[in-house]
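Here the structure is a predicted model, which means the values were calculated and not measured.
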Amino acid sequence: MLELRKDIFADERDDNLNEIGKGTQRQDMLGHVTGTSSYFNDHKLQGMLHLKVVRSTQSHARIRRIDTTEAERSAGVRRIIRGADVPVNLNTLLSLINFGKDDEPSLAVDKVRYKGEPIVAIVADSEREAFEAVAKVKIDYEPLPAVFDVEDALKPGAPVVNETYPKNTFTYHETYDHQKLRFGDADAALATADHVLEQRYQMSPIEHAPTETNGAIAAPDTNGRYLVYTSTQALFFSVDTCAKILDVPSNTFHFIGGTVGGGFGGKVDTLTEPLAILGAMLTGRPVRYVFGREEEMQYGPPRGAERIYIKDGVMRDGRIVARKIRAYFDSGAYTRLSSYAAVKCAAHLPGPYTIPNVYGDVYCVFTNRTPATAMRGFGVTAMDFAIECQMDKLAHLVNMDPMEFRILNAYRDGDMKAHRREAKNTALIECVQVAAEKAKWPLREEFKRASSRKDGGGSRAVIPPTPTDSSRARPTAPAQQRTSYDRLPPTVTREPPREPPPPAPPPPPSPRPTAPSHGATRFSSVFGTRRR
């Protein structure tokens, strides 16, 4: 169990939240704003060659034939690299930590699983000559059915995207096809809740769009070693990944990184270094492999799309008594880091709130999309967005102020988390109070006096009886009061009258009369509008 030792950094920490509203200068900011920071692509080596890649035009297809005859005769071409030239042509970053199976080739051999997958690499004297040779490579495809939706990929008979995981789901520890969280009896609690609210949240893939695109320069060094300038965000992961793919000891490489021209998680995967080094090994000359902007936008790994279903049971006094969550991470065609994101997501359920009954299922699903990767709190950010949107909707449902609703349900020291860990050093209540103060958002006195250090424990610290999945067969639950969140009246299906014309739909209901009047302009994540 990880415990934050605040006493060790007592002279460096400030728990009074006095940093809010202050500017803090980054250590490397001066070099960036004066243009003196040095990046990998600033190194121009004598005799440097350039590597470009032939990429799949198909989302899912079998490769019948690859013809490089014309490209080999193209001017300036020094070497053409195929999958057979890669010493260990199957990899995943996570296998370095014994988590997941190798499933992604550096260069596709018999099949492509997403549009843009690399198939052939060409090393030439100049970028222009490399591009001209790339255009002369001919590939004959046999198109295969593709699947692009996470729930469609899990249906029986769906096309198999990645044969390493034939059910289109990542397999955890060779046993589990998804991550589970079970705490209490969520179904029973939902049956007795005053309101039940179920919502669906869909996040789109997001490209990191760094100013500096992914790239690396590899050059032969003395004693059979190779010097590598790289844009990687994970230098030691990259060293080990290259050693594995190229089947050499990791001390063969001298990696130089450290300055990244924007990454945000998009430079964690080792995409360019192995082929740049292999090009240097095969030609004996420095090789530069850098993504163009189109490659970065179309083929660089994005944050994967996530689909999240949340079903909550809440009482009229604002207490959330049950939460069920079902989430799907779109991993794309290969593992990369989405399976790890699903673990982080399950560890984050049900958010920073004390809920006595929680039921969660989180799936990492393979589709014929570009493989997804890390991005700024991946596994948590999207789930947090969904949970906090849900909290706003629940507050509206029970006619409570959304900040007071969060304070009511927030973890307090001594509460039992859904992961069966006692909550310690909690601070959400204080954060909400400070945020409300800064935003001039009035709170009632009882919520101003609330503290993370009191009112926890007791019944909130009890681990509830939790039925196992195999024992969940139960009598039909009594009819529960389901509440729709739609702000407009529900649509009634009926034959439209011909005359007179149908009346205009009624306007949306006005804001609840008990809502406090706030002085600041705020943005509502629930309604998507600015309001006062």
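Checking side-chain atoms of N89 against main-chain N and O of S106 turns up a donor-acceptor pair under 3.5 Å. The backbone N or O of G266 lies less than 3.5 Å from no partner atom in the side chain of T373, so there is not a single donor-acceptor pair. A distance-only check finds no donor-acceptor pair linking the side chain of H208 to the backbone of E296 [under 3.5 Å]. At distances below 3.5 Å, at least one donor-acceptor pair connects side-chain atoms of Q433 with backbone N or O atoms of A450. A distance-only check finds a donor-acceptor pair linking the side chain of T175 to the backbone of H173 [under 3.5 Å]. Under a 3.5 Å cut-off, the side chain of T367 and the backbone N or O of A153 do not form any donor-acceptor pair. Side-chain atoms of S331 do not come within 3.5 Å of backbone N or O of F329 as any donor-acceptor pair. Here the side chain of N91 pairs no donor or acceptor atom with the backbone of E104 at under 3.5 angstrom. At distances below 3.5 Å, not a single donor-acceptor pair connects side-chain atoms of Y363 with backbone N or O atoms of E151. T381 places a side-chain N or O within donor-acceptor distance of the main-chain N or O of G377, the cut-off being under 3.5 Å.
The structure places CG of L428 at 9.0 Å from CZ of R412, a figure rounded to the nearest 0.5 Å. Atom CE of M375 is separated from atom CZ of F264 by 7.5 Å, given to the nearest 0.5 angstrom. Once rounded to the nearest 0.5 Å, the distance linking NE2 of H195 with CG of D312 reads 12.5 Å. Once rounded to the nearest 0.5 Å, the distance linking NZ of K440 with NZ of K438 reads 9.0 Å. Q298 CD to E294 CD: the interatomic distance, rounded to the nearest 0.5 Å, is 4.5 Å. Between L408 atom CG and M403 atom CE the span is 15.0 Å, to the nearest 0.5 Å.
Considering only heavy atoms from C-beta on, V53 stays 4.5 Å or farther from E117 through its side chain. Annotation: side chain of R336 is in contact with side chain of L271 (closest heavy-atom distance under 4.5 Å). With contacts defined as side-chain heavy-atom distances shorter than 4.5 Å, the pair Y201/Q390 qualifies. Residues S338 and F170 form no side-chain contact, since every pair of their non-hydrogen atoms from C-beta on lies 4.5 Å or further apart. Considering only heavy atoms from C-beta on, E306 stays 4.5 Å or farther from V150 through its side chain. Contact of the M315 side chain with the D194 side chain is registered, since non-hydrogen atoms from C-beta on lie closer than 4.5 Å. Side-chain contact between P402 and W441 is present, with heavy atoms from C-beta onward closer than 4.5 Å. Using a 4.5 Å heavy-atom threshold, the side chains of D330 and P205 count as separate.
Heavy atoms from other residues, nucleotides or ligands lying under 6.0 Å from NZ of K454 number more than 12. Taking a 6.0 Å sphere around OH of Y165, one finds it holds more than 12 heavy atoms contributed by other residues, nucleotides or ligands. In the displayed structure, R26 atom CZ is contacted under 6.0 Å by at most 12 heavy atoms of other residues, nucleotides or ligands. Heavy atoms from other residues, nucleotides or ligands lying under 6.0 Å from NZ of K115 number 12 at most.
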>> What verdict does the side chain to side chain contact (heavy atoms under 4.5 Å, CB included) test give for L394 and V398, after you've listed the backbone C-alpha separation in whole Å, the side-chain angles of each residue and the deciding distance to 0.1 Å?
In response: CA-CA 6 Å; L394 290 170; V398 297; 5.9 Å; no

> Would N409 and I355 count as a side chain to side chain contact (heavy atoms under 4.5 Å, CB included) if you check the C-alpha gap in whole Å, the side-chain angles of each, and the deciding distance to 0.1 Å?
Replying inline: CA-CA 8 Å; N409 288 284; I355 301 175; 5.7 Å; no

> Going through the distances and angles, do E212 and K267 end up as a side chain to side chain contact (heavy atoms under 4.5 Å, CB included)?
Replying inline: CA-CA 10 Å; E212 173 201 53; K267 292 174 180 172; 2.7 Å; yes

> Does the side chain to side chain contact (heavy atoms under 4.5 Å, CB included) test come out yes or no for V321 and T192, once each step is laid out?
Replying inline: CA-CA 9 Å; V321 295; T192 59; 5.5 Å; no

> Could you walk me through whether R406 and D401 pass the salt bridge (charged side-chain N to carboxylate O under 4.0 Å, His left out) check?
Replying inline: CA-CA 9 Å; R406 284 172 169 81; D401 179 277; over 6 Å; no

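For the 3.5 Å distance criterion, the side chains of T213 and E295 fail to qualify, holding no donor opposite an acceptor. Looking only at atom types and distance, the side chain of T272 has no donor-acceptor partner in the side chain of N214 under 3.5 Å away. Using modelled atom types, one finds no donor on one side chain facing an acceptor on the other under 3.5 Å when comparing R62 with Y141. Side-chain contact of D413 with S452: a donor-acceptor pair under 3.5 Å is absent, judged by distance alone.
Between K101 and D103, no side-chain nitrogen of the basic residue sits less than 4.0 Å from a carboxylate oxygen of the acidic one, so the salt-bridge criterion is not met. E445 has a carboxylate O that lies under 4.0 Å from a charged side-chain N of K448, or vice versa, which qualifies the two as a salt bridge. Taking the charged nitrogens against the carboxylate oxygens, R113 and E163 do have a contact shorter than 4.0 Å, which makes a salt bridge. Using a 4.0 Å cut-off between charged side-chain N and carboxylate O, K180 and D469 make a salt bridge. Ion pairing between a basic and an acidic side chain is recognised when a charged N comes within 4.0 Å of a carboxylate O; K244 and D102 show such pairing.
Both tests do not hold together for R323 against Y359: distance to the six-membered ring centre under 6.0 Å, angle to the ring axis within 45°. A cation-pi geometry, defined here as NZ or CZ lying under 6.0 Å from the six-membered ring centre and within 45° of its normal, holds between R55 and F291.
For the side-chain contact (heavy atoms from CB on, under 4.5 Å) with L190, the lone residue among V314, D185, N357, V196 that qualifies is V196. Here the rule is side-chain contact (heavy atoms from CB on, under 4.5 Å) with L154, and of D177, V365, V147, D149 only V365 fits it.
For the pair I308 and A327, the tightest heavy-atom approach, listed with the atom from each and the gap, is CG1-CB, 4.1 Å. Across E430 and T426, no two heavy atoms sit closer than the pair OE1-O, 4.3 Å. Here the shortest heavy-atom pairing between G184 and P467 reads O-CD, 3.7 Å. Scanning all heavy atoms of the two residues, the minimum distance from A346 to Q179 falls at CB-CB, 3.8 Å. Closest approach of L94 and S339 over heavy atoms only: CD1-OG, 3.1 Å. Taking both residues in full, the closest heavy atoms of C345 and M383 are given as SG-CE, 3.4 Å, listed atom of the first, atom of the second, then distance.
T354 pairs by the side-chain contact (heavy atoms from CB on, under 4.5 Å) definition with Y411, D415, R460, not counting sequence neighbours. Contacts of D240 classified as salt bridge (Lys or Arg N to Asp or Glu O under 4.0 Å), with partners at least two apart in sequence or in another chain: none.
Among residue pairs with one or both ends in residues 341-353, those qualifying as side chain to side chain donor-acceptor pair (under 3.5 Å) are H348-D384, Y353-E388; sequence neighbours excluded.
Ring planes of Y328 and Y309: perpendicular class, angle over 60° (limits at 30 and 60°).
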